[in-house]
Amino acid sequence: MVLANNELTGNEVIADPHVLPASHIKYSDGLMVFAYIRSTKSPKGYITPARTKLGSKPAPFMAAFSSKGPNTVTPEILKPDITAPGVSIIAAYSEAQGPTNLIFDKRRVAFNSVSGTSMSCPHISGIVGLLKTLHPDWSPAAIKSAIMTTARTQDNRMQPLLNASNIMATPFSFGAGHVQPNQAVDPGLVYDLTVNDYLNFLCSLGYNATQIETFSEKPYRCSKKITLTNLNYPSITVPNLSKSITVTRTLKNVGTPGTYRAKIKNPTGVVVSVKPESLKFKRVGEEKKFKVTLMLKKLKAAKDYAFGELIWSDGKHHVRSPIVVKEA
């Protein structure tokens, strides 16, 4: 069997454990195969032995099956947060079932090639474990921030990440970007959160005391409700921008003392400004607040989602946050 992608799945070729001899090809190659079949009464083909191909370009690119944003539950929080290797990952596999998970598949393998969020998750989990070992005093939010703000948004051609259809991907595909574990070890600054910050977030969503106690394990009084856009998250998302809005964030220094300066890439149709434009940190653990103002250039300037970024840099560290905005 020759399995050719359709236009939606594009260039995504997955090493699936087919139940009959098969060759999987990308969409553009499929067009050539079908054209050849139509050109002759006796089409012929052959399969050569498989070989490992190194240095493929572009890489990485976003899988067609990947969960996509926007966040339908809480649109003020960008989802996904991050992307990691998740296509054709070779891993140990249960022999309780066949490699296809189909009832009639009686084959058993010690290792299998699997794709999906289920493969990206252990990559991130392993990185979290390493970061916690190196920085035992970091909170879960600090670790998440370190992973997100140091992620890459370019491929190995130094071009913006593409999706499987060779179209430029957006934060709704990759979140903050593709994880870079070595850079996450030393992010410079982090956006931190406490348990109470999350509980206040639930309060703002309208959770009652009984529901919140499920998470807090003890009674928690919703004395402080926050604006959802002000949750100290490593990304900034404004799904209903009307003229202008100002959001607040706090950065904590987890590196060497230094002065960080803000650099903005404006989303289409939106002007973004930061106050103050520089933050000076003198010690580890020091926190500094700043405000980000997003203003529409004109009416209907951002009627669809637009994407930008905020980068705080001291020359060595580059603390990058996605900016996602849509007009109300």
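Worth saying up front: this structure is predicted, and the values here are computed from it rather than measured.
- Side-chain atoms of Q159 and D155 include no donor-acceptor pair closer than 3.5 Å.
- Between S273 and I264 the shortest side-chain heavy-atom distance does not fall below 4.5 Å.
- Connection of F281 to V190 is not established within any shared hydrophobic cluster, with ILVMFWY side chains joined at heavy-atom distances below 4.5 Å, either directly or through further cluster members.
- The two residues K282 and P257 make their nearest non-hydrogen contact at O-CG, 3.4 Å.
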### Task
Give the C-alpha distance, both sets of side-chain angles, the deciding distance and a yes or no for side chain to side chain contact (heavy atoms under 4.5 Å, CB included) between N200 and Y220.
CA-CA 9 Å; N200 289 332; Y220 183 79; 2.7 Å; yes

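- When all heavy atoms of S235 and S321 are compared, the pair lying nearest together is CA-CB, 4.4 Å.
- Side-chain contact between I82 and F174 is absent, with no heavy-atom pair separated by less than 4.5 Å.
- Contact check for R157 versus L162: side-chain heavy atoms found under the 4.5 Å cut-off.
- Atom CD of Q154 has more than 12 heavy atoms from other residues, nucleotides or ligands within 6.0 Å.
- In the hydrophobic cluster analysis, where Ile, Leu, Val, Met, Phe, Trp and Tyr join through side-chain heavy atoms closer than 4.5 angstrom, L130 is grouped apart from V179.
- Under the 4.0 Å criterion applied to side-chain N and carboxylate O atoms, D314 and R261 are not assigned as salt-bridge partners.
- Residues T74 and N71 have side chains that never bring a donor and an acceptor to within less than 3.5 angstrom of each other.
- No hydrogens or angles considered: nothing links the side chains of T83 and H178 as a donor-acceptor pair under 3.5 Å.
- Atom CG of L102 has more than 12 neighbouring heavy atoms from other residues, nucleotides or ligands inside a 6.0 Å radius.
- Annotation for M158: atom CE does not count as buried by contact number, only 12 or fewer foreign heavy atoms lying within 6.0 Å.
- No donor-acceptor pair closer than 3.5 Å links the side chain of S120 to the backbone N or O of T117.
- A heavy-atom distance below 4.5 Å is found between the side chains of V19 and F104.
- Judged purely by atom type and a 3.5 angstrom limit, N6 uses its side chain to pair as donor or acceptor with the backbone of T9.
- Salt-bridge annotation for R320 and E309: present, with a side-chain N of the basic residue lying under 4.0 Å from a carboxylate O of the acidic one.
- Considering every non-hydrogen atom in both F65 and G86, the closest pair reads CZ-O, 4.0 Å.
- In this structure the side chain of L3 reaches within 4.5 angstrom of the side chain of M1, judged on heavy atoms.
- A donor-acceptor contact shorter than 3.5 Å links the side chain of S165 to the backbone of L8.
- A donor-acceptor pair under 3.5 Å is absent between the side-chain atoms of N112 and the main chain of V114, judged by distance alone.
- Atom-to-atom distance recorded for K289:NZ and L279:CG is 13.0 Å, nearest 0.5 angstrom.
- A salt bridge links D105 with R107: at least one charged nitrogen is closer than 4.0 Å to a carboxylate oxygen.
- Between V292 and V272, the shortest heavy-atom contact is CG1-CG1, 3.5 Å.
- A salt bridge links K144 with D81: the closest approach of a Lys/Arg side-chain nitrogen to an acidic carboxylate oxygen falls below 4.0 angstrom.
- Using a 3.5 Å distance cut-off with no hydrogens or angles, the side chains of N163 and S173 do not pair a donor with an acceptor.
- With hydrogens and angles ignored, the 3.5 Å screen pairs no side-chain donor or acceptor of S242 with any backbone N or O of A328.
- Using a 3.5 Å distance cut-off with no hydrogens or angles, the side chains of T259 and K280 do not pair a donor with an acceptor.
- H24 and D16 form no side-chain donor-acceptor contact under 3.5 Å, judged by distance and modelled atom types alone.
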### Task
Let me see the working for T248 and K291 under side-chain hydrogen bond (donor to acceptor under 3.5 Å, both in side chains), right down to the final yes or no.
CA-CA 5 Å; T248 303; K291 295 182 181 294; 3.2 Å; yes

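- Between the side chain of H123 and the main chain of P85, a donor-acceptor pair closer than 3.5 Å is present.
- No donor-acceptor distance shorter than 3.5 angstrom exists from the side chain of N156 to the backbone of P58, with no hydrogens or angles considered.
- The residues E286 and K288 are annotated as salt-bridged, a charged nitrogen and a carboxylate oxygen being separated by less than 4.0 angstrom.
- No side-chain donor-acceptor contact under 3.5 Å links E213 to the backbone of T210.
- For D192 and N232, the side-chain atoms include no donor-acceptor pair closer than 3.5 Å.
- Here the side chain of T227 pairs no donor or acceptor atom with the backbone of T229 at under 3.5 angstrom.
- For Y260 against H317, the heavy-atom pair with the smallest separation is OH-ND1, 3.3 Å.
- Defined by atom type and a distance below 3.5 Å, a donor-acceptor pair is missing between the side-chain atoms of Y233 and D197.
- Few gaps surround CE on M119; more than 12 heavy atoms of other groups in view lie less than 6.0 Å from it.
- The heavy-atom pair separating T268 from A306 by the smallest distance is O-CB, 3.6 Å.
- Within a 6.0 Å sphere centred on CZ of R221, other residues, nucleotides and ligands contribute 12 heavy atoms or fewer.
- Separation of atoms CG (L228) and CG (L205) is listed at 5.5 Å; rounding is to 0.5 Å.
- Side chain of S145 to main chain of A141: no donor-acceptor pair is present (N/O by atom type, distance under 3.5 Å, no hydrogens or angles).
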